[in-house]
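Keep in mind the model is a prediction, meaning the values are calculated, not measured. A, B, ... follow the sequence lines: proteins, then strands. Residue 1 opens every chain.
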Protein chains: 2
Amino acid sequence: MSYDELLDNFKDILKNSGLKQTKQREYILEALYENHHHLTPEEIYRLIQDRYPKIKIGIATVYRTLSLLEDANLVSSLSVADQGKRYELLSHEHHDHLVCTQCDKIMEFHDELIERQQEIIAKQFNFKMTNHTMQIIGVCQECQKK
Amino acid sequence: MSYDELLDNFKDILKNSGLKQTKQREYILEALYENHHHLTPEEIYRLIQDRYPKIKIGIATVYRTLSLLEDANLVSSLSVADQGKRYELLSHEHHDHLVCTQCDKIMEFHDELIERQQEIIAKQFNFKMTNHTMQIIGVCQECQKK
DNA sequence: ATCGATGCAAAAGTTTTGCATATAC
DNA sequence: GTATATGCAAAACTTTTGCATCGAT
């Protein structure tokens, strides 16, 4: 999905819920779009401060907007290893994560077989799946050499 | 694995690392064993206080012991939906989770196809997998009716 | 003009750390 | 006896909330 489509999508959601469009909300979406993945609220906050020094933004707004986006199913949160949640857009192609416990690096992969199997499992439980996450935890190739 | 085997296992790990066996550490392991899954450090702390009113235990010890157990790969942590991590023993048979976003209920499932596929993926990335977690997020059967 | 959104600061909640004391070895 | 573990309290982080003001509609 292009950024413009995504933004239109977000604007529609806001309008339909009687919420307002603001620069802050737009910049948060933009930060998530550009830095593809795994941002903490703190990181998003600083990215916006750095890029738009003129605009005022508070960390509370970042948290509030992320909750909004999560409720609207535009972002998902993930928490592994370190403390604090990290957020990423759902509109990027779905993928899962390999997390290295030594260097905290996060790698991505996509596997159709697993995707399909998840759908089958959700169906078995009569569960209405809105999202799913998977993490393979371990030691990456580089850290194994150390 | 029986509790006794698990405890012996833990004692060996402590001994081999030059660490000491304490009642507190044992009770934390016991709490995780008995209440099969998904405990927060706070819950573990209170369980032990309730069950062993005579013994002193501090929340810091719970955190310290959980880190120890996680390093030793005896427990894994999981964080979804609510804030804060939850811990569970790895020695219980491995399973993955269905998390309901409406009632926060966590259900479990086990799927061999997914397990095998995760191993294949780890191999492709030359990744030494020590653990893996998967969560299917959505709305459970009961909450769909509401 | 209205009502929701924002920034700020305070509060609440979670996790870690320093230190004196207690306890396992 | 020595070294590690513990409880406690303080500190560090993370997230949420109250409130006066601002800004989108």
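- Between B:R25 and B:L19, some side-chain heavy-atom pair lies under the 4.5 Å cut-off.
- B:E119 contributes no side-chain N or O that, together with a main-chain N or O of B:R116, makes up a donor-acceptor pair within less than 3.5 Å.
- Between the side chains of A:Q118 and A:H132, at least one donor-acceptor pair of N or O atoms lies under 3.5 Å.
- B:I57 comes within 4.0 angstrom of sugar-phosphate atoms only, judged by non-hydrogen atoms across all strands, and of no base.
- For D:dT15, one of the phosphate oxygens OP1 or OP2 lies less than 4.0 angstrom from a side-chain nitrogen or oxygen of A:Y63.
- Taking atom CD of residue A:E43 and atom C1' of nucleotide D:dC13, one finds them 14 Å apart after rounding to whole Å.
- Rounded to whole angstrom, the span from the CG atom of A:L68 across to the P atom of D:dT15 amounts to 17 Å.
- A:L98 forms part of a hydrophobic cluster together with A:M107, A:F109, A:I114, A:I121, A:F125, A:F127, A:M129, A:M134, A:I136, B:L98, B:M107, B:F109, B:I114, B:I121, B:F125, B:F127, B:M129, B:M134, B:I136, judged by ILVMFWY side-chain heavy-atom separations under 4.5 Å.
- Nucleic acid contact for A:E42: none, since no nucleic acid atom lies under 4.0 Å from a heavy atom of the residue.
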Under 3.5 Å donor-acceptor pairs involving side-chain atoms of residues 47-67 of chain B, not counting sequence neighbours:
unit_1 : atom_1 : unit_2 : atom_2 : d
B:Q49  : NE2    : B:Y45  : OH     : 3.0
B:R51  : NH1    : B:E34  : OE1    : 2.5
B:Y52  : OH     : B:E30  : OE1    : 2.7
B:Y52  : OH     : B:E30  : OE2    : 3.3
B:T65  : OG1    : B:T61  : O      : 2.9
B:S67  : OG     : B:Y63  : O      : 3.2

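- When the P atom of C:dA5 is taken as reference, atom CD of A:E26 falls 16 Å away, rounded to whole Å.
- The CD1-P distance, from A:I55 to C:dA5, rounds to 15 Å in whole Å.
- One atom, OH of A:Y45, and another, P of D:dT16, lie 16 Å apart when rounded to the nearest Å.
- Side-chain atoms of B:Q117 do not come within 3.5 Å of backbone N or O of A:L113 as any donor-acceptor pair.
- Across the protein-nucleic acid pair, B:Q24 atom CD and D:dC8 atom C1' stand 14 Å apart, rounded to whole Å.
- Looking at A:E5, its side chain does come within 3.5 Å of a backbone N or O of A:S2 through a donor-acceptor pair.
- Listed for the B:T130 side chain is a donor-acceptor partner under 3.5 Å among the backbone atoms of A:I137.
- Here the P atom of nucleotide D:dT17 and the CD1 atom of A:I59 are 15 Å apart, to the nearest Å.
- If you take NZ of A:K85 and P of C:dT15, they are 12 Å apart, rounded to a whole angstrom.
- Under the salt bridge (Lys or Arg N to Asp or Glu O under 4.0 Å) criterion, A:E115 pairs with no residue, sequence neighbours left out.
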**Report entry** Protein proximity profile, nucleotides 18-25 of chain D - base contact B, sugar-phosphate-only contact S, no contact -, cut-off 4.0 Å on heavy atoms
**Finding:** B----BBS
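- Between the side chains of A:E108 and A:H110, not a single donor N or O lies within less than 3.5 Å of an accepting N or O.
- The main-chain N or O of A:V139 is found under 3.5 Å from a side-chain atom of A:Q144 such that the two form a donor-acceptor pair.
- Between the two ends of the helix from C:dA1-D:dT25 to C:dC25-D:dG1, each summarised by a five-pair axis, the helix axis turns through 40° (rounded to 10 degrees).
- Listed by residue number, the members of residues 8-16 of chain A with any heavy atom below 4.0 angstrom from DNA chain D form an empty set.
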